[in-house]
Amino acid sequence: MKRIELERWELMPEDPRRLKYIGQPKAEEIYKELRYALESQGCLPDEYFLMGIEWERGREIPREADIFCTVDYGESEGIYLDIYLKWYENNHPVIRSFITGKTLKESGNALDRMFLTASVVTKAFHGDHPSHNRYRKLGEEAEPDTKLFSFNEKEQQILIKALMDNWKQQKQTETHQDEERLLRRMTGSITEYINLTGQIPRNLSAYDRAVLAVRDGNMEMFRKAYPGIAGQAAELLEETAGRPGPEGYEMTALLLSDDRQLSQEDYLCACKKAAGTGDLKRVLLLVENAGKCVENLAPAFYGAVVRDILLVYPENGWIADELFKSFTSEQKEAAPPDLLLTAAAHEKEAMIRELIENGIHANMYAAEIIQRFQNRKLGHLTELFTAQENCVSIQNFSALYVCMKTGAEKAAENLLERGMDLEKFNVWTRDFGYQLPEDACEILKRKWESLQAAQNIVDAPKMSGQEIRVF
């Protein structure tokens with residue numbers, strides 16, 4: 001298994017033998033990378049595996065932090081795996097909970113299983129060193145009495161060969177995925193095993209080898225395999241974009257370096273996968289390359305990425321915020337109208353204001369947007385929204401109706417001042433069976449009469465250079 005690094009280093013261009021420190025990874029990146037590693041080996045705790053909320057919103061791993069695990073029965077039920085970070089501040093140790101995993105099973109075998117998972121976590125960060133875990137789980141648990149077995153080296157090779165032979169025949173099936181996890185647990189890396197033994201199955205395509213390389217984090221194998229893929233560039237980009245860790249970023253960058261014309265839908269899926277890793281740099285990389293990689297890229301694409309991040313990964317809303325800051329005024333104006341609706345649902349006030357000020361065309365969702373603003377006590381945004389010509393049409397009577405139903409009188413006045421016809425509005429309400437309270441109707445009537453009187457003064461005829469006043 002490739003180690004997960006708690007610090008980021010890169011080779012110095014002037015001296016490739018030396019490394020220079022380039023910063024700390026985000027906690028969520030490390031969490032996603034570890035979760036990916038456990039899941040790929042079938043070791044993910046079956047009840048849940050969650051990062052502490054204090055590590056969200058882009059918080060970085062502290063400098064020189066180390067990681068360790070504890071496993072124990074819970075006070076009420078289940079078995080818990082607790083993963084902690086430890087670092088020093090002013091020469092004093094600081095220990096904070098990082099990730100918690102749980103299984104509801106409480107048997108002795110379940111406890112052994114969780115300790116095995118803790119072992120995998122420890123090796124993910126500290127490496128195998130000279131020792132190797134010789135206990136392997138055979139198959140998925142059919143009954144609560146799952147057992148762990150120990151194999152000598154010869155027995156391991158027999159089992160691996162049998163799994164490899166069967167794995168070749170089970171492509172695109174659930175059994176194939178289970179056997180892939182077992183192989184990865186037995187060999188550490190399927191691609192490394194193939195290189196070592198020369199056992200490259202004849203029916204294993206370049207795409208299959210590239211996907212295995214992605215899941216193993218094997219950059220060398222990926223470089224060899226990916227040029228041979230034909231019509232599966234979109235699927236491979238999704239694999240690399242969703243592969244946590246530096247390897248996933250490098251593989252994604254390598255794919256984007258080629259001229260590939262992908263559909264906007266496929267590319268949007270890759271952007272969402274990248275956001276799921278918690279890696280802002282990777283999302284920005286994809287968005288910046290959209291123009292050259294997507295065929296007939298629509299102006300609304302950029303806003304759609306932000307919208308989908310908020311919808312699918314609300315815990316990564318900070319990525320949506322940072323991405324939105326990089327957009328031009330034209331991209332904000334062209335954003336899909338439901339981005340404003342989504343931003344309102346997540347109370348992204350700064351984003352909402354910029355979308356409105358840049359004239360997002362949100363008329364089709366205007367009534368619902370106003371309702372959400374009012375429900376969240378954001379009346380000032382309702383007023384800003386209704387004052388913008390691009391945002392709300394003066395033919396949108398449902399917008400005026402919701403304004404008056406929710407007490408947004410100033411916003412309603414904005415619509416009338418912009419030219420909405422109250423008489424046509426009254427006909428519309430009667431036709432659809434809507435009814436406003438009498439006091440609301442009176443407010444609208446007074447405002448309408450005031451606007452009509454003012455318009456009559458403006459339109460009054462003039463004679464001999466003198467204005468005829470109308471009283």
Side-chain angles (χ1 to χ4, degrees), residues 1-12 15 17-38 43-45 48-75 78-102 114-129 131 217 244-250 274-284 313-323 325 350:
M1 182 193 304
K2 190 173 182 65
R3 286 181 58 178
I4 300 174
E5 302 292 344
L6 292 176
E7 295 180 348
R8 299 294 191 228
W9 297 77
E10 67 179 12
L11 294 174
M12 297 180 66
D15 186 356
R17 296 171 299 178
R18 299 175 60 193
L19 297 172
K20 67 174 181 179
Y21 171 74
I22 59 173
Q24 292 300 110
K26 301 286 192 301
E28 188 160 3
E29 293 178 41
I30 297 299
Y31 162 72
K32 294 284 188 178
E33 194 171 356
L34 177 60
R35 183 185 180 93
Y36 188 96
L38 292 178
C43 292
L44 194 67
Y48 62 73
F49 187 73
L50 301 174
M51 182 180 73
I53 58 174
E54 65 271 23
W55 297 99
E56 295 177 354
R57 300 193 62 80
R59 182 177 176 183
E60 294 181 345
I61 296 292
R63 184 78 188 271
E64 298 183 349
D66 199 1
I67 201 160
F68 67 92
C69 308
T70 63
V71 175
D72 204 352
Y73 290 108
E75 292 184 2
I79 299 169
Y80 289 81
L81 165 68
D82 290 296
I83 302 174
Y84 297 90
L85 285 170
K86 178 181 179 180
W87 67 95
Y88 286 85
E89 293 180 1
N90 300 321
N91 295 322
H92 294 286
V94 178
I95 298 174
R96 294 287 184 272
S97 176
F98 181 32
I99 300 169
T100 301
K102 178 185 177 183
M114 196 63 98
F115 270 108
L116 177 61
T117 299
S119 173
V120 174
V121 171
T122 302
K123 289 188 291 184
F125 292 95
H126 298 106
D128 283 339
H129 301 297
S131 61
E247 295 81 14
Y249 178 87
E250 291 176 23
T277 68
D279 185 356
L280 172 63
K281 183 181 176 184
R282 188 179 316 197
V283 178
L284 289 172
Y313 299 105
E315 70 277 11
N316 287 342
W318 65 275
I319 291 181
D321 292 336
E322 294 299 318
L323 181 60
K325 291 176 185 176

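The shown structure was predicted, so the numbers you read here are calculated from the model rather than taken from an experiment.
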| Between the side chain of Thr122 and the main-chain N/O of Ala118, is any donor-acceptor distance below 3.5 Å? | yes
| task | Please examine the side chains of Pro246 and Glu29, heavy atoms only from C-beta on, and report whether any two atoms are closer than 4.5 Å. | result | no
| Residue list, side-chain contact (heavy atoms from CB on, under 4.5 Å) with Leu50, at least two apart or on another chain | Tyr48
| query | Around Ile53, counting heavy atoms of other residues, nucleotides and ligands shown, do more than 12 lie under 6.0 Å from its CD1? | reply | no
| Who are the side-chain contact (heavy atoms from CB on, under 4.5 Å) partners of Glu89, not counting sequence neighbours? | Trp87, Val94
| said: Using 0.5 Å steps for rounding, measure from the CE atom of Met12 to the CZ atom of Arg18. | reply: 4.5 Å
| field | With sequence neighbours excluded, residues passing side-chain contact (heavy atoms from CB on, under 4.5 Å) with Arg17 | value | Asp15
| Interatomic distance, Asn316 atom CG to Lys32 atom NZ [nearest 0.5 angstrom] | 6.0 Å
| request: Any chance you could lay out the side-chain contact (heavy atoms from CB on, under 4.5 Å) test for Tyr313 and Ile319, step after step, and finish with the verdict? | output: CA-CA 9 Å; Tyr313 299 105; Ile319 291 181; over 6 Å; no
| message | So Arg96 and Tyr84, do their side chains get closer than 4.5 Å, heavy atoms only? | response | no
| Who pairs with Phe49 by side-chain contact (heavy atoms from CB on, under 4.5 Å), at least two apart in sequence or on another chain? | Tyr31, Leu34, Arg35, Leu38, Leu44, Pro45, Leu81, Ile83, Ile99
| task | State, with a plain yes or no, whether a side-chain heavy atom of Pro93 is found less than 4.5 Å away from one of Lys86. | result | yes
| task | Enter the distance from Leu116:CG to Met114:CE here, rounded to the nearest 0.5 Å. | result | 11.0 Å
| query | Between Tyr36 and Thr277, is any pair of side-chain heavy atoms under 4.5 Å apart? | reply | no
| task | Hey, could you give me the CZ/CZ distance between Phe125 and Arg3, rounded to the nearest 0.5 Å? | result | 10.0 Å
| note | Lys102 meets the salt bridge (Lys or Arg N to Asp or Glu O under 4.0 Å) criterion, sequence neighbours left out, with Glu77
| request: Flag the pair Leu11 / Leu19 as yes when at least one side-chain heavy-atom distance between them is below 4.5 Å, and no otherwise. | output: yes
| message | I'd like to know if the side chain of Arg8 reaches the main chain of Gln24, judged simply by a donor and an acceptor atom lying under 3.5 Å from each other, with no hydrogens or angles considered. | response | no
Sequence neighbours left out, cut at 3.5 Å: what donor-acceptor pairs do the side chains of residues 55-74 make with other protein atoms?
from, atom 1, to, atom 2, distance (Å)
Trp55, NE1, Ser97, O, 2.9
Arg59, NH1, Glu54, O, 3.3
Arg63, NE, Glu7, OE2, 3.4
Asp66, OD1, His126, NE2, 2.9

